[in-house]
**Student:** 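Pasting a structure here, questions to come.
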Amino acid sequence: MFVENHFQKDVYEIMRRDYLKTLTKDELRRSRVHCQEILSRFDSMPAHDRNQFIATEIMGWSFRPENPHYYITQEGYLRMEAFQPAEDLASAFLVFEYILIEDKTVLMPCGSGNGRYWAVYFEDVFLGVGNTKETVICKTSIIINDAVVMKMNSE
């Protein structure tokens, strides 16, 4: 969700945090199903596009054509190279903290015959899976963000 001015962004962030705390298992299940097409497109994107998608669509940051190497965040400016959640674990954990539902969201290593993979659960509800922590955090952020936006729009 893109919000243009800082006052609107601040209000949106307060509301988003409140709605995040009230999400239910059913709302997250619906969003997981609702996001399948977006997640499929996300999987086929190159890393640069994935990073930009997370920055603009999930984190709500923007950038201006006259200064295309920086994101405009709620706190100021951030170089695009400094935020690469699809590739960099530190950036991915910024996203995870942004979408974290405390005491309910878990990043968990799992194993199979094909090796280790990572999953995110909300309580006992499976939200996403990926070969890397970065991938599963990004994909889960899309689902949780969708659930928050759907909940905000329904009220």
**Student:** Can you confirm whether the side chains of Arg16 and Tyr98 place a donor and an acceptor under 3.5 Å from each other?
**Tutor:**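 Looking only at side-chain atoms, Tyr98 and Arg16 do form a donor-acceptor pair, the distance falling under 3.5 Å.
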**Student:** Is there a donor-acceptor pair closer than 3.5 Å between any side-chain N or O of Ser31 and the backbone N or O of His34?
**Tutor:** no
**Student:** Considering the options Val136, Ile137, Asn131, Thr135, which one meets the side-chain contact (heavy atoms from CB on, under 4.5 Å) requirement together with Trp118?
**Tutor:**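 Exactly one pass, corresponding to Val136.
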**Student:** With sequence neighbours excluded, tell me which residues meet side chain to side chain donor-acceptor pair (under 3.5 Å) with Asp88.
**Tutor:** Ser91
**Student:** For the residue pair Asn145 and Glu57, confirm or rule out a side-chain donor-acceptor distance under 3.5 Å.
**Tutor:**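 No - no donor-acceptor pair under 3.5 Å links their side chains.
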**Student:** Less than 4.5 Å apart, any side-chain heavy atom of Lys104 and any of Glu123?
**Tutor:**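 Side-chain contact under 4.5 Å: yes.
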**Student:** Would a distance-only check, ignoring hydrogens and angles, find a side-chain to backbone donor-acceptor pair under 3.5 Å from Asn51 to Ala86?
**Tutor:** yes
**Student:** Salt bridge or not for Asp124 and Lys25, using N-O below 4.0 Å?
**Tutor:**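 Yes, charged N to carboxylate O under 4.0 Å.
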**Student:** Just grab all the salt bridge (charged side-chain N to carboxylate O under 4.0 Å, His left out) pairs involving residues 134-143, residues at least two apart or on different chains.
**Tutor:** Asp43-Lys139
**Student:** Knowing that exactly one of Thr140, Val120, Leu100 qualifies, which makes a side-chain contact (heavy atoms from CB on, under 4.5 Å) with Leu107?
**Tutor:** Val120
**Student:** Hey, are Glu37 and Ser40 close enough side-chain-wise for a donor-acceptor pair under 3.5 Å?
**Tutor:** no
**Student:** If two hydrophobic side chains count as joined below 4.5 Å and joins carry through other members, does Met152 share a cluster with Met59?
**Tutor:**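 Yes, it is one cluster - the side chains of Met152 and Met59 are joined through contacts under 4.5 Å.
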**Student:** Is there a path of hydrophobic side-chain contacts, each under 4.5 Å between heavy atoms of I, L, V, M, F, W or Y residues, that connects Val148 with Met15?
**Tutor:**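 Yes, Val148 connects to Met15 through the hydrophobic network.
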**Student:** Counting distance only, does the side-chain N/O of Lys151 pair as donor-acceptor with the main-chain N or O of Thr22 below 3.5 Å?
**Tutor:**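 Judged by distance alone, yes, a pair lies under 3.5 Å.
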**Student:** Take the angle between the ring planes of Phe83 and Tyr71 and call it parallel below 30°, perpendicular above 60°, tilted in between.
**Tutor:** perpendicular
**Student:** So is Arg50 actually on top of Phe42's ring, under 6.0 Å and inside 45° of the axis?
**Tutor:** yes
**Student:** Got a sec: does the CE of Met108 have more than 12 other heavy atoms crowding it under 6.0 Å?
**Tutor:**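 No, the 6.0 Å shell around CE holds no more than 12 heavy atoms from other groups.
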